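Only one structure is covered here, and it is reproduced in the block below.
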Amino acid sequence: MRRFISLISSSLVSAVLLIGSSTLPAVSAETDAVTPVEEFSRQIDQLKNTFTELEKKIEDGAKSIDGMTDVEKARQEIEGLRAIVGQLLGPVSDNGAVAQLGAKALRHAREKLKTLEQETRFTREEQQYLTGEWRKLVEETERAADDLGSARGEFVRLLRILQTREDFIDELMQIRRANEAVKAIRQLADDIRAASDALKTLIRAIKPPGA
């Protein structure tokens with residue numbers, strides 16, 4: 001592609017120089033022919049930049065579309081989702097770490113209350129205050145543990161549903177990637193048209209100065 005751009009540049013500039021030198025009077029060649037040639041050279045430089053940018057866009061577009069249509073990559077995405085679901089199910093299962101957290105906190109509060117009820121280091125008023133506070137904590141911990149259990153159970157149920165719908169999820173993900181590929185193709189078509197417009201402008205400029 002770069003060799004093609006260089007070839008276009010040298011050929012077109014040479015053609016314009018030849019036309020300019022052969023058609024204008026010798027006396028006015030410097031004053032009349034220099035400006036059109038310089039303008040044409042500027043257009044050549046702009047076109048070279050346009051072609052270079054287009055070449056990069058084509059390479060990027062090809063990589064992007066290849067990634068969107070890569071079956072192996074799609075399989076890895078669904079396997080990644082499956083792995084995440086599996087890792088989450090462990091902690092939130094009935095005997096998992098989350099369920100044990102609530103039970104542990106509740107067990108601690110109940111044991112603390114039981115200990116204080118048998119404590120003899122405090123006055124009657126102090127013991128009544130402390131045991132009263134821990135009774136409230138036991139009740140609050142029970143409600144919190146129940147709330148945690150309910151949230152955990154709902155989450156587990158939804159994860160199980162997600163596991164059973166993996167095939168459908170995979171199809172939805174493929175649709176998304178296909179839509180992205182369409183957008184990339186359309187953008188590349190627009191970029192090529194813009195380069196074509198720049199090339200048309202340059203071709204129309206290939207004529208003797210003043211013609």
Side-chain angles (χ1 to χ4, degrees), residues 1-13 39-102 144-206:
M1 182 69 178
R2 293 184 178 88
R3 183 178 179 184
F4 173 68
I5 294 172
S6 177
L7 183 60
I8 288 179
S9 174
S10 60
S11 299
L12 291 177
V13 171
E39 174 62 18
F40 189 79
S41 296
R42 184 186 65 80
Q43 293 179 5
I44 284 287
D45 290 337
Q46 291 178 346
L47 188 64
K48 287 167 62 178
N49 291 334
T50 298
F51 283 172
T52 300
E53 293 173 0
L54 179 60
E55 182 181 22
K56 181 66 167 57
K57 290 176 180 178
I58 290 173
E59 292 174 356
D60 292 344
K63 291 178 182 178
S64 177
I65 293 170
D66 284 344
M68 295 171 191
T69 57
D70 189 343
V71 176
E72 178 62 21
K73 185 177 180 180
R75 185 184 63 80
Q76 290 175 356
E77 286 185 1
I78 197 66
E79 287 183 353
L81 176 63
R82 185 182 299 118
I84 292 172
V85 171
Q87 290 172 359
L88 284 172
L89 274 173
V92 298
S93 61
D94 291 344
N95 296 319
V98 174
Q100 293 176 9
L101 288 176
D146 289 342
D147 188 33
L148 177 61
S150 176
R152 180 187 59 79
E154 176 70 3
F155 190 55
V156 169
R157 185 183 68 82
L158 294 174
L159 286 175
R160 299 291 188 194
I161 293 174
L162 187 61
Q163 280 185 321
T164 63
R165 305 306 304 275
E166 284 181 356
D167 291 340
F168 184 67
I169 292 171
D170 181 38
E171 293 297 328
L172 293 179
M173 294 170 69
Q174 290 189 42
I175 290 173
R176 183 204 67 191
R177 287 192 298 272
N179 283 328
E180 291 173 351
V182 170
K183 293 177 182 178
I185 291 170
R186 286 177 174 167
Q187 181 59 54
L188 188 56
D190 290 341
D191 294 334
I192 292 174
R193 287 194 182 94
S196 294
D197 291 340
L199 185 55
K200 289 176 184 177
T201 300
L202 181 69
I203 291 173
R204 284 195 295 268
I206 304 175

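What you see is a predicted model, and the numbers here were worked out from it, not measured in a lab.
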Is there a side-chain contact between I58 and E55 in this structure, where contact means two heavy atoms from C-beta onward sitting under 4.5 Å apart? no
Are side-chain heavy atoms of R160 and V156 found at a separation under 4.5 Å? yes
Nearest-0.5 Å distance, [atom1] of residue [X] to [atom2] of residue [Y]:
X	Y	atom1	atom2	value
F155	L148	CZ	CG	12.0 Å
Q187	I185	CD	CD1	12.0 Å
I78	L172	CD1	CG	9.5 Å
M173	I169	CE	CD1	8.5 Å
R193	L188	CZ	CG	10.5 Å
L47	T52	CG	OG1	9.5 Å

Please report the shortest heavy-atom distance between A195 and L54, naming the atom on each side. CB-CD2, 3.6 Å
List the atom of A99, the atom of S93, and the distance in Å for their closest heavy-atom pair. CB-O, 3.9 Å
Residues 79-89, side-chain donor-acceptor partners within the protein, below 3.5 Å, at least two apart:
residue : atom : partner : partner atom : Å
E79     : OE1  : R75     : NH1          : 3.0
E79     : OE2  : R75     : NH1          : 2.3
R82     : NE   : E166    : OE1          : 2.9
R82     : NE   : E166    : OE2          : 3.3
R82     : NH2  : E166    : OE1          : 3.0

Just wondering, are more than 12 heavy atoms of other shown residues or ligands nearer than 6.0 Å to CZ in R176? yes
Check whether any side-chain N or O of S150 sits under 3.5 Å from a backbone N or O of D146 as a donor-acceptor pair, and report yes or no. no
Under 4.0 Å between a side-chain nitrogen and a carboxylate oxygen: does that hold for R157 and E154? yes
Does K63 pair with D60 as a salt bridge, N-O distance under 4.0 Å? no
Check the side chains of D170 and Q174 for a donor-acceptor pair under 3.5 angstrom, ignoring hydrogens and angles. yes
